[in-house]
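Worksheet: one structure, shown below.
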Amino acid sequence: MSGVYVTADYELCRLVLRDRRFSVVPPFHPALPKPVRWLVTKTDLGLPNLGEPPSMLVTDPPDHTRYRRLVGQAFSPKAIATLEKRIAEVADDLVERLESNPRPDLIGDFSAQLPVTIIAEILGLPADMHSTLLKWGDSGAPLLERGLSWTTYRHAIEDLAEVKQYFDQHLDGLTAEPRDDVLSMLVRNDELTRREQVANAALLLDAGFLTTVNMLGNGIVLLTNHPDQLELLAAQPGLWPNAVEEILRYDGPVRMTGRVANCDVDIADQRIESGNLVLLSLAGANSDPAVFPDPRKFDVTRENAAEHLAFSSGIHGCLGARLARLEGTIALRALFDRYPNLSLDGPPVPHPLRNLHAYRCMPVELSVD
Ligand code: HEM
């Protein structure tokens, strides 16, 4: 019988995430409960499920290193800096368009649109695919959770068959005629099998917008509920990047991740036996008072806000963190600069997912004056 440990201690979470004696947890790992593993036996392992290998999220080195190296350059500080102007253009356009909408939903009409537009451009996917990509993201998001109902799982898997078919064809095209985009990097020199290419293309797509949508949504709720912090930002716009860090710390979209000990590990006065599972509460770590004094205070001037673990840490630390930070800073600033008196029109509708803290729908009143 495998043991399961849970921690919300910041230092411990960070240690485990950075310790190579721990591995990622694919959904068929024996440390996971039987019903979770059972679901996987019912599916085609050839489908590009972001929670199953060969998605880099759940693959250990050396394969993980190969996948990440191929696309890493596209998310380097230099590459992301070149996107600043385009992100601002898209954000401004979306902000303008909200005004003609009598009752905008800041998830569907704003928060979801910016990241999907940008990641589609990075990946070289056409603009007329956006609504299909959002649909795939919506059904694929639950795959980041463990312990889904069969109905939710089956629905997600059905859409994955479409994702696979699309990327199979698209990557065939890029193999024949490579372009200057990230997916062309994945097919370069046939370094990866087609299954590895498709799995990681689907991961880049979903990871590229699923969580960013929620960072924006959670940020809008936090800022509208803290008008004093908005006033500070209006007076000192240079604080926006730190405000995004504080949003990620205070209410990051990804609540938890996990690792499995791949040998006996002595840590925090505890022996974790080989094969045992450690659940890491990223949300808990981000509220650890030993690191973040008065942790439930939302403070955009918090000096060490950026030390949060919302993007995880170690070799699986978020590949798109720089991009997400830039999108958050530009989009939230554009929105509140244009609509400083924006208010929620009733409580936002929460997403039923457990590991992704998110809203499904967020009606607002803009009041332009
Ligand atoms: C606010 C937005 C985002 C949040 C909160 C977030 C969070 C995370 C977290 C927590 C992990 C690691 C999970 C673990 O250690 O088990 C991760 C990995 C990853 N993220 Fe993000 N992410 C965001 C945006 C993005 C964007 C925009 C991209 C762009 C493609 C992206 C791509 C990835 C990839 C490819 C991985 C896997 C990295 C690896 O396994 O080496 N993410 N993200």
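This structure is a prediction, so every number in the text was calculated from the model and none was measured. Side chains are part of it too, since the values below use all heavy atoms of this structure and drop only hydrogens, waters and symmetry mates.
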Between R302 and E245, does any side-chain N to carboxylate O distance fall below 4.0 Å? no

To the nearest 0.5 Å, what is the distance between CG on D159 and NE2 on H155? 5.5 Å

Is L335 reachable from L223 through a run of hydrophobic residues whose side-chain heavy atoms are each under 4.5 Å from the next? yes

Sidechain-backbone polar pair: N355 side chain, M256 backbone, donor-acceptor under 3.5 Å: yes

Between Q229 and V300, is there a donor-acceptor pair closer than 3.5 Å when you use the side chain of the first and the backbone of the second? yes

Run the side-chain contact (heavy atoms from CB on, under 4.5 Å) test on H170 and L125 for me, step by step, so that the C-alpha distance in whole Å, both residues' side-chain angles and the decisive distance to 0.1 Å come before the verdict. CA-CA 9 Å; H170 187 74; L125 303 176; 3.8 Å; yes

Verify same cluster id: L353, L57 (apolar side-chain graph, 4.5 Å): no

Between R194 and D190, does any NZ, NE, NH1 or NH2 come within less than 4.0 Å of an OD or OE carboxylate oxygen? no

Is it the case that S313 and R18 place a side-chain donor and acceptor less than 3.5 Å from each other? yes

Can you tell me how far apart CG (L233) and CG (N242) are? Round to the nearest 0.5 Å. 9.5 Å

Going by the angle between their ring planes, with limits at 30° and 60°, are F298 and Y250 parallel, tilted or perpendicular? perpendicular

Nearest 0.5 Å please: distance from the CD1 atom of I315 over to the OG1 atom of T65. 6.0 Å

Determine whether the side chains of H357 and N214 contain a donor N or O and an acceptor N or O closer than 3.5 Å. no

Output, in order, the C-alpha distance, side-chain angles, deciding distance and verdict of salt bridge (Lys or Arg N to Asp or Glu O under 4.0 Å) for E99 and R338. CA-CA 10 Å; E99 211 181 324; R338 180 81 178 91; 2.3 Å; yes

Here the gap from F292 atom CZ to Y10 atom OH, rounded to the nearest 0.5 Å, amounts to 5.0 Å

Answer yes or no: are there more than 12 heavy-atom neighbours, outside D266 itself, under 6.0 Å from its atom CG? yes

Do T7 and S281 have side chains that get closer than 4.5 Å, going by heavy atoms? no

Side-chain donor or acceptor of N286 paired with backbone N/O of L309 under 3.5 Å: yes

Is the backbone N or O of A79 less than 3.5 Å from a side-chain atom of T82, with the two atoms forming a donor-acceptor pair by type? yes

Side-chain heavy atoms of E196 within contact of Y67, under 4.5 Å: yes

What about H316 and H64, are their ring centers closer than 6.0 Å? yes

State, without any angle test, whether T301 and D299 hold a side-chain donor-acceptor pair at a distance under 3.5 Å. yes

Main-chain N/O of V95 paired with Y339 side-chain donor or acceptor, under 3.5 Å: yes

Between D93 and E89, is there a donor-acceptor pair closer than 3.5 Å when you use the side chain of the first and the backbone of the second? no

The test is side-chain contact (heavy atoms from CB on, under 4.5 Å); show your working for L282 and L17 and say whether it passes. CA-CA 11 Å; L282 303 178; L17 289 166; 4.2 Å; yes

Is there a donor in the side chain of S149 and an acceptor in the side chain of R154, or the other way round, less than 3.5 Å apart? no

Any carboxylate oxygen within less than 4.0 angstrom of a Lys/Arg side-chain nitrogen, looking at R66 and D63? yes

Path from L356 to L204 over hydrophobic side-chain contacts below 4.5 Å: no

Does a salt bridge link E246 with K297, judged by any charged N lying under 4.0 Å from a carboxylate O? no

M56 with V254, same ILVMFWY side-chain cluster at under 4.5 Å: no

Interatomic distance, CG@L47 vs CZ@R195, rounded to 0.5 Å, equals 9.5 Å

Quick check: do R255 and R354 have side-chain heavy atoms less than 4.5 Å from each other? no

Check: S274 main-chain N/O paired with D264 side-chain donor or acceptor under 3.5 Å: yes

For residues L279 and F22: do they belong to one hydrophobic cluster (side chain heavy atoms under 4.5 Å, members Ile, Leu, Val, Met, Phe, Trp, Tyr)? no

Could you state the interatomic distance from CG (D105) to CZ (R360), rounded to the nearest 0.5 Å? 11.0 Å

Salt bridge (Lys or Arg N to Asp or Glu O under 4.0 Å) for R322 and E327? Distances and angles first, verdict last. CA-CA 9 Å; R322 251 179 228 103; E327 290 182 338; over 6 Å; no

Within a radius of less than 6.0 Å around CD of E162, do more than 12 heavy atoms belonging to other residues, nucleotides or ligands occur? yes

Within the 3.5 Å criterion, strictly below it, is a donor on S184 or D181 matched to an acceptor on the partner's side chain? yes

Sub-3.5 Å donor-acceptor pair from the side chain of N218 to the main-chain atoms of D251, do we have one? yes

Using distance alone, with no hydrogens and no angle criterion, decide if R296 and S287 have a side-chain donor and acceptor under 3.5 Å apart. yes

In terms of heavy-atom contacts, does CD of Q73 have more than 12 from other residues, nucleotides or ligands at under 6.0 Å? no

Backbone of S55 reached by a side-chain donor or acceptor of T59 within 3.5 Å: yes

Donor-acceptor pair, side chain of H226 and main chain of L222, under 3.5 angstrom: yes

P253 versus L248: any side-chain heavy-atom pair under 4.5 Å? yes

